[in-house]
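Here is the naming used below: chain letters follow the sequence lines, and residue numbers restart at 1 for every chain. Computed from heavy atoms alone, side chains included, the values below leave out hydrogens, waters and symmetry copies. Source: prediction; values computed, not measured.
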There are 2 protein chains.
Amino acid sequence: MPLKIRKSNAAMGHGAEPWNAFLVGHRSMDLKREAVIKTAAHLFLEHGYQKTSMSLLAARLKITKPALYYYFRNKEEILMECYRSGIAEIESCLNRLSPDAGNGFARLQLYVLEYATVVLTHEFGRCVAMIDDSALSSKTRRGVRDLKRKIDASFRALVAEGMADGSMAICNPKLVSFAIAGAINWAGIWYKPSGELSPEQIAEAFMEILTGGLRSAANRAS
Amino acid sequence: MPLKIRKSNAAMGHGAEPWNAFLVGHRSMDLKREAVIKTAAHLFLEHGYQKTSMSLLAARLKITKPALYYYFRNKEEILMECYRSGIAEIESCLNRLSPDAGNGFARLQLYVLEYATVVLTHEFGRCVAMIDDSALSSKTRRGVRDLKRKIDASFRALVAEGMADGSMAICNPKLVSFAIAGAINWAGIWYKPSGELSPEQIAEAFMEILTGGLRSAANRAS
DNA sequence: ATCATATTCTACCGCGCGGTCAAATTAGTA
DNA sequence: TACTAATTTGACCGCGCGGTAGAATATGAT
């Protein structure tokens with residue numbers, strides 16, 4: 001009778017190694033799918049999407065490649081799920097500050113702060129900013145871009161709002177949105193957790209640098 | 001007697017199709033190397049580095065793959081040359097405005113304008129901003145990063161200068177440099193020449209957005 | 001124990017990649 | 001013309017990739 005790997009006590013919960021979800025038998029498909037995309041996100045962020053092979057991903061999960069294909073149709077479905085989670089997280093940030101946090105300018109500042117924090121610290125948020133979607137099939141890519149566009153639209157709406165209530169100088173919302181998102185996304189690329197600057201420090205500095213030029217004269221006088 | 005492709009009248013000069021450099025015989029190695037990296041840059045920008053195969057590059061030049069290896073050791077040497085040209089162009093911008101174009105803040109503004117223009121319009125400048133160097137061997141990548149670091153250092157020096165002469169508010173030069181370069185590099189990614197905004201429009205808007213928050217109070221009063 | 005189902009495995013496929021080789025072709029020279 | 005050196009080529013290699021087929025195994029219900 002062969003040895004049997006026994007179920008680990010720490011197999012469930014957030015702190016566990018992801019591959020514990022695969023240790024023995026029956027746990028729900030959802031748990032295993034989550035374990036896969038979580039591990040995949042880390043690998044994608046470390047080596048890039050193209051250079052992360054399905055075999056490596058499987059190895060990290062202590063399973064074999066075909067098992068992956070039992071849970072996902074193909075490689076790009078896995079990346080798509082990473083995007084979906086990350087974009088959902090960013091959207092929830094945006095909705096959270098919606099109610100009433102001051103004028104448009106103040107809310108833009110808050111959003112910059114939150115967006116930067118997500119992109120620097122959230123494992124799936126980082127995927128949205130960092131991972132190039134050009135490797136995807138055109139159909140899947142269109143789906144991703146649609147989701148991204150929603151974020152961009154909210155961003156522009158915030159800028160337009162600030163201009164309408166007089167708290168921001170007049171400007172091109174599209175370009176403002178691109179400039180801010182670009183600076184932050186790029187930070188997602190060079191930022192390494194081992195560096196000397198914390199995500200909070202970076203987020204605060206970026207907020208000041210990127211929104212400092214947008215305050216209206218009236219808003220500045222106050 | 002087989003047909004012989006005759007030398008085109010337009011085979012030389014800047015406006016010609018790059019592959020004309022290969023049409024017949026003897027032209028200098030340098031011309032052909034230039035034709036290769038120029039064509040490669042366009043393909044890298046269009047499809048990405050990883051997805052541009054040496055076979056495709058050769059096909060675009062109307063030669064065969066092994067001929068490519070007569071002029072370059074390997075694929076990454078070609079990308080390296082693209083980087084080198086782009087970085088040289090950016091450095092020349094920086095040197096050009098060095099002498100005396102006003103205080104630190106004014107010169108930073110000029111530099112932002114020029115950097116954005118190069119990254120949006122110059123074929124090799126775009127490579128520097130857009131093409132991920134993580135596909136390179138670690139040795140080559142170190143070379144590229146050294147070159148990039150020089151640009152970053154100049155950038156930070158400009159910021160430090162502005163702080164020293166009182167034209168800019170106090171800030172972290174490293175983060176300012178990253179924020180500005182990031183926003184512009186990211187523009188290199190989304191910008192398509194077919195879009196409705198011209199590089200000049202983008203460059204000017206970015207200059208205002210990205211430097212607006214850096215002006216010192218004293219500088220603002222004037 | 002038995003069976004049906006859910007899950008995971010071993011073994012494999014076709015493909016296109018970066019890169020190489022030795023042969024063929026061309027150009028320059030005399 | 002004939003010789004040499006520079007250039008280009010067709011044919012090929014090994015590899016690792018994404019993905020698959022079908023057998024093997026584990027699980028849960030009876």
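Remark: P of D:dC12 and NZ of B:Lys65 are 14 Å apart, rounded to the nearest angstrom. Nucleotide C:dT8 holds its P atom 16 Å from the OH atom of A:Tyr69, rounded to whole Å. The interatomic distance linking B:Leu56 (CG) with C:dC15 (P) rounds to 19 Å, in whole Å. Here the P atom of nucleotide D:dG19 and the CD atom of A:Glu77 are 11 Å apart, to the nearest Å. B:Leu68 has its CG atom 11 Å from the P atom of D:dT9, to the nearest Å. A straight line from CG of A:Leu61 to P of C:dC9 spans 11 Å, rounded to a whole angstrom. For the pair B:Gln50 CD and C:dG18 P, the interatomic distance rounds to 10 Å; values are reported in whole Å. Between the CG atom of B:Asn74 and the C1' atom of C:dC17 there is a distance of 14 Å, rounded to whole Å.
Less than 6.0 angstrom separates the ring centroid of A:Phe178 from the ring centroid of B:Trp190.
OP1 or OP2 of D:dT8 has at least one side-chain nitrogen or oxygen of B:Lys32 nearer than 4.0 Å. Between A:Tyr71 and C:dT8 there is a side-chain polar atom (N or O) within less than 4.0 angstrom of OP1 or OP2. In this structure, B:Ser53 does not reach the C:dG16 phosphate: none of its side-chain N or O atoms is under 4.0 Å from OP1 or OP2. Between B:Tyr70 and D:dT8, a side-chain N or O to OP1/OP2 separation shorter than 4.0 Å is absent.
Comparing C:dG18, D:dT9, D:dT8 by their nearest atom to the side chain of B:Pro66 picks out D:dT9. Comparing atom distances between the A:Ala67 side chain and each of C:dG19, C:dC9, D:dT8 picks out C:dC9 as nearest.
For B:Met80, the side-chain contact (heavy atoms from CB on, under 4.5 Å) partners two or more places apart in sequence, or in a different chain, are B:Arg84, B:Thr140, B:Val144, B:Leu147.
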(request) Could you give me the CA-CA distance, side-chain angles and deciding distance for A:Glu114 and A:Arg107, then say whether salt bridge (Lys or Arg N to Asp or Glu O under 4.0 Å) is met? (result) CA-CA 10 Å; A:Glu114 295 237 35; A:Arg107 284 168 62 198; over 6 Å; no
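The aromatic rings of B:Tyr111 and B:Phe155 lie perpendicular to each other, with more than 60° between the two planes, well past the 30° mark.
We find that B:Lys174 and B:Asp152 are not joined by a salt bridge, their nearest charged nitrogen and carboxylate oxygen being 4.0 Å or further apart.
For a distance-only test at 3.5 Å, the side chain of B:Lys75 fails to qualify as a donor-acceptor partner of the base of C:dG19.
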